[in-house]
Amino acid sequence: MTKEDVLTKLTSVFRDVFDDESLTITDETTASDIEDWDSLSHIDLIAAIEKQFAVKFTTREITDLKNVGDFTSVLAQKLS
Amino acid sequence: VTPLQGATLTQAIEFSLEDIDEFAAASHDTNPLHVSSSYARKTPYGERVVHGVLGTLACLGRLERQPECELASLSVDFPAPMFAGVPYDLKATESGKPGKVKARLYDGRRALIKLSAVFRKREKDPRALHPPDFHVRTDSADYEDGAFREGLSVSGRYGPSPVATDRLLSHWRFAGSGALYPHAAALLWASYVIGMELPGLRALFTSIHLDFEPDLPDGPAVFDYEAKVESYDARFGVLSIGVRLSMAQSTVATGLLKAMVRSRKAPPVSIASLLPASDRLKGRLALVTGASRGLGAAVAESLVRQGCTVLANFLESSASIEELGRRLQGTPGELVPARGDAADPAWSADVRKLIDERGGLDILVANASPALQPLSIEPAAIRRIADYVTKSFALVSVPMAHLLDSLEARRGRVVLVSSIYARTAPREWPHYVAAKCAIEGYARAAAADYPKVSFSIVRPPRLLTDFSDGPLNADAIAPELVAVDIVEHLVEPGRPGEVRLLERFDRADARGGEPNAAPTSTGLENAT
């Protein structure tokens, strides 16, 4: 799966978790760009991404996930 | 269904400690995080936390009236804690769908409650009777971590306290909200089951989703309930609990509750094993502020183990300081409790007399610091930022003002406990960063005024203390590791007139500490 494919699939997860069908994300998107992206929804986001991509993040990976680009990189690595 | 009017509604909501007590009496949720000041002081919150469900009832009571409607479902998230005496803003908007309401409770721009309610036309008014009073838990259950497994369940019978519930619902103008008495009772139960039963003592309630059946049965709001763990994510300590409530054999509500389980405090690292007892500081007199716990307690203990006499300042935790004293019996030094507010000039003046009687002060460790919550730089927070900086600065500047000449006379040492965040300045801690930078500046100015005193600014990494003990603080470091390095530094000769910066801590680094790690700020460790 390419990083572009990952981003497309991630966008759909983000829209679902944040209940916003118009939401667009890029690699640079961080929690400060999405009002609802607080640390509680971060957990829901991780759970939703794990379910969607059938992967499991380690605690260290979760700590390092600071923006969407970090998600796409880790996912691309896990899915390659 | 009556369509909702579209106007956005904003209202102020503020809770008092009496409101928390009233809610606890109604719901039977007497989890000590809500009702005990002394317990809450030893958590990252520092003070009693408002029940999330109390916030939910307050929001529902302020939303637009829902005549002839009843609640069909309710979803609420609690991303951050609420406290008494802080003015919050409720903003409610319809979502565009008839019968659906979304509302948020904000502290400035930080959401504390995110609520989504769906209403439907009410077919009948259930005749709600007061439930009889009956036995409920009065002490929160306290499970071992390993107990949280899929399938773990609790069940029983529950009813809120009738008189207190009437008072609560009237206070928060609940009638007419579209949420009926049994709905309110179900929410009170949710608070009770999370705070008292599952997970109980260490619970941080993070979300509710309840679907209510139509045509609620008549009769007393007494529920037979079952709450069963559907999953437990140990990475975050998050429990997902499926729930079912019934009245008179009819299902009233089903849903999912989520709670985080606060980590159990790690056992302290043995200072005796890190630092062999010695007489290297025999004959020296030290004052350590904030010595009843965390880094202050560890520094006081390390100093006493090196023969020092330590005046151990504390404000509330006399039991902790007595325990520390007992632990240090038979060691080369002496621990002398010195109760009082280090920011109070009268206390510093009294301590000064005590110090003069003992011949003067050799070491001051200015460690005391107020409990803190994350804040954003915005108008709603500026008063709290200023208050924090003022209090934090006074805790250091007041004792120094009273004691520096005594330290000067004895060519003494001053250790100011700052933080790595004074350099890294992470977002959402502007008050903490500003206070620590002010303290560091004060030390530099004091060094010019008192050239025979040696100053050290300590910038520890994130420490595992009462203030920072949260679910995502796995990389926080035991304060004992830093304390021992500080005392080793004090054993070495000082450099009068100099201000030395301590940022590397050998023992902490050896244990995998990350001096540059940003704090986990927004809410995991702070969710209600």
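Lettering follows sequence order; numbering is per chain, from 1. Quantities reported herein were computed from a predicted structural model and do not represent experimental measurements.
Distance alone, capped at 3.5 Å, places no donor-acceptor pair between the B/K114 side chain and the B/K102 backbone. Between the side chain of B/D77 and the backbone N or O of B/P79 there is no donor-acceptor pair closer than 3.5 Å.
With rounding to the nearest 0.5 Å, the separation of CD1 in A/I25 from OG1 in A/T30 is 12.0 Å.
Taking a cutoff of 4.0 Å between a charged side-chain nitrogen and a carboxylate oxygen, B/R235 and A/E50 qualify as a salt bridge. Electrostatic pairing of B/E150 and B/K228 does not count as a salt bridge here, judged by no charged N lying under 4.0 Å from a carboxylate O.
Looking at A/D36, the atoms closer than 4.5 Å to chain B (heavy atoms on both sides) sit in the backbone and in the side chain alike.
Heavy-atom proximity under 4.5 angstrom to chain B picks out nothing from residues 7-18 of chain A.
A donor atom on one side chain and an acceptor atom on the other are found under 3.5 Å apart for B/D211 and B/H209.
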